[in-house]
Amino acid sequence: MSDASKTASSRTPFFIDTHSHFDAAEFDADRDAEYARAQAAGVALQIVPSITRDNFAAVAATCTGYPGCLPAWGLHPMYIATHRPEHLVDLRAQVAAHRPVAIGEIGLDFFVRGLDPATQTHYYVEQLKIARDFDLPVLLHCRKSSDELLKHLRQIKLPGGIAHAFNGSAQQAAEFIKLGFKLGFGGAFTWPRANHLRRLAAELPLESIVLETDSPDMPPVWIGQGRNAPGELPRIAAELALLRGMTVEDIAAATTRNARERLKLA
């Protein structure tokens, strides 16, 4: 168990932010303060995924400097203009040299125009193979692409993962769950008009839900269009507790247990 985990274990509740881009430039001016705020709020662990090969170093530095941050290595589908075939070789070497908790952020984005589906799929499938070879879960970007993601997951067997910012149907959720996935929920469901997401958050099996911020993105309603941060996770958990008629403590315990199970955290 990390020192951060030991420190936070005396607190209740204990939270894991399963998706935080805490290495992002948006935190350069106050990263120390935001890390301290998150730790004080009980957000003991953050999973920090990479997005490009050139981003590996920033993620590594963040996870070295902040013991509650754990890395995931991957090539994000929205940056296919940046990726090159040799970056897959570099990714495999990075995973071998510095074993992460997951391969991510990987996946498919069929919402943003101009992102070639075939190129996205190539990098997605090749990264699934890396995850398979290292027996690692994956952190999936799944915007408007759940069915295609699932098709390849059925062909390449993995130890599950997390469908980040899940926004698919209840039927697609069930298929991810069958394949060993947890479903990530964050600030997006806190908006009153997010009826579909709020229904999913309220009705999906609690044992299949994990919490995330996607900092500095995906801000909750109380931030509006401002910068999101890991320290907001307890309030996001409180919103989920209200939707499900539960206590924050029970939500924290369940989502932490789910994250530990899927990401094989001690």
Side-chain angles (χ1 to χ4, degrees), residues 1-52 54-74 76 94 98-102 104-105 139 162 164-165 182 184-188 190 210-240 248-249 251-253 255-260 262-266:
M1 181 181 290
S2 70
D3 291 342
S5 298
K6 291 176 183 176
T7 300
S9 63
S10 62
R11 304 190 191 102
T12 52
F14 180 111
F15 295 100
I16 297 176
D17 186 345
T18 61
H19 204 105
S20 168
H21 294 284
F22 198 56
D23 63 298
E26 286 88 341
F27 292 110
D28 285 353
D30 61 351
R31 189 172 284 107
D32 287 353
E34 285 295 347
Y35 181 76
R37 181 167 78 93
Q39 290 279 303
V43 185
L45 297 176
Q46 301 176 44
I47 310 305
V48 183
S50 67
I51 56 174
T52 67
D54 292 341
N55 175 234
F56 291 171
V59 170
T62 299
C63 293
T64 298
Y66 301 92
C69 293
L70 304 175
W73 309 121
H76 194 297
Q94 182 77 6
H98 305 283
R99 187 174 176 87
V101 298
E105 179 176 357
L139 305 180
I162 294 173
H164 157 57
K182 306 298 184 186
F185 285 86
T190 67
V210 294
L211 294 176
E212 59 184 18
T213 61
D214 198 24
S215 302
D217 300 319
M218 205 164 73
V221 65
W222 53 87
I223 291 179
Q225 300 304 311
R227 183 192 70 174
N228 198 6
E232 302 300 328
L233 199 67
R235 191 167 173 185
I236 291 171
E239 291 293 314
L240 182 60
V248 175
E249 291 76 14
I251 290 291
T255 56
T256 295
R257 181 171 59 250
N258 297 342
R260 286 195 183 282
R262 186 49 58 234
L263 299 175
K264 301 178 182 178
L265 301 174

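In terms of heavy atoms, Leu265 sits closest to Ala259 at CD1-O, 4.3 Å. Minimum interatomic distance between Pro71 and Pro100 (heavy atoms only, all atoms of both residues): O-CB, 3.2 Å. Contact between Leu139 and Pro49 at its shortest, heavy atoms only, is CD1-CB, 4.1 Å. The shortest non-hydrogen separation linking Pro220 to Ile236 is CB-CG1, 4.5 Å. Contact record, Leu263 with Ala102: CD2-CB, 4.3 Å, taken as the closest heavy-atom pair. Shortest non-hydrogen contact noted between Gly226 and Pro219 is O-CB, 3.6 Å.
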Exercise for the section: For the pair Asp30 and Tyr35, evaluate side chain to side chain contact (heavy atoms under 4.5 Å, CB included) and give the outcome as yes or no after the intermediate values. Expected result: CA-CA 9 Å; Asp30 61 351; Tyr35 181 76; over 6 Å; no
Handout entry: Verdict with supporting geometry, Ile16 and Thr255, side chain to side chain contact (heavy atoms under 4.5 Å, CB included)
Key = CA-CA 8 Å; Ile16 297 176; Thr255 56; over 6 Å; no
Problem - Intermediate values then yes/no, side chain to side chain contact (heavy atoms under 4.5 Å, CB included), Leu45 and Asp17 - result: CA-CA 6 Å; Leu45 297 176; Asp17 186 345; over 6 Å; no
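Side-chain contact check for Pro234 versus Val43: some heavy-atom pair is nearer than 4.5 Å. Side-chain contact check for Val210 versus Phe185: every heavy-atom pair is 4.5 Å or farther apart. Residues Asp217 and Asn228 are not in side-chain contact: their nearest non-hydrogen atoms beyond the backbone lie 4.5 Å or more apart. Two residues are said to be in side-chain contact when any heavy atoms from C-beta on lie closer than 4.5 Å; Leu211 and Asn258 fail this criterion. Within the 4.5 Å cutoff, no side-chain heavy atoms of Met218 are placed close to those of Thr213.
Using a distance-only test at 3.5 Å, with no hydrogens or angles considered, no donor-acceptor pair links the side chain of Ser20 to the main chain of Ile47. The backbone N or O of Ala44 sits less than 3.5 Å from a side-chain atom of Gln39, completing a donor-acceptor pair.
Qualifying side-chain hydrogen bond (donor to acceptor under 3.5 Å, both in side chains) partners for Glu34, counting only residues two or more places apart in sequence or in other chains: Arg37, Arg227. By the side-chain hydrogen bond (donor to acceptor under 3.5 Å, both in side chains) test, Thr18 pairs with no residue at all, sequence neighbours left out. With sequence neighbours left out, the ring-ring contact (aromatic ring centres under 6.0 Å, His included) criterion links Phe22 to Phe27, Tyr66. Arg31 is linked by a salt bridge (Lys or Arg N to Asp or Glu O under 4.0 Å) to Asp28, counting only residues two or more places apart in sequence or in another chain. Applying the side-chain contact (heavy atoms from CB on, under 4.5 Å) rule to Glu239 yields the partners Phe189, Thr190, Trp222, Leu242; only residues at least two apart in sequence or on another chain are considered. In this structure, the ring-ring contact (aromatic ring centres under 6.0 Å, His included) partners of His19, at least two apart in sequence or on a different chain, are His21, His164. Among residues two or more places apart in sequence or in another chain, the side-chain contact (heavy atoms from CB on, under 4.5 Å) test is passed with Thr52 by Asp54, Asn55, Tyr79, Thr82, His83. With sequence neighbours left out, the side-chain hydrogen bond (donor to acceptor under 3.5 Å, both in side chains) criterion links Thr256 to no other residue.
In this structure, the separation between SG on Cys63 and CG on Asp23 is 8.0 Å, given to the nearest 0.5 Å. Ser50 contributes atom OG, which lies 6.5 Å from atom CH2 of Trp73 (distance to the nearest 0.5 angstrom).
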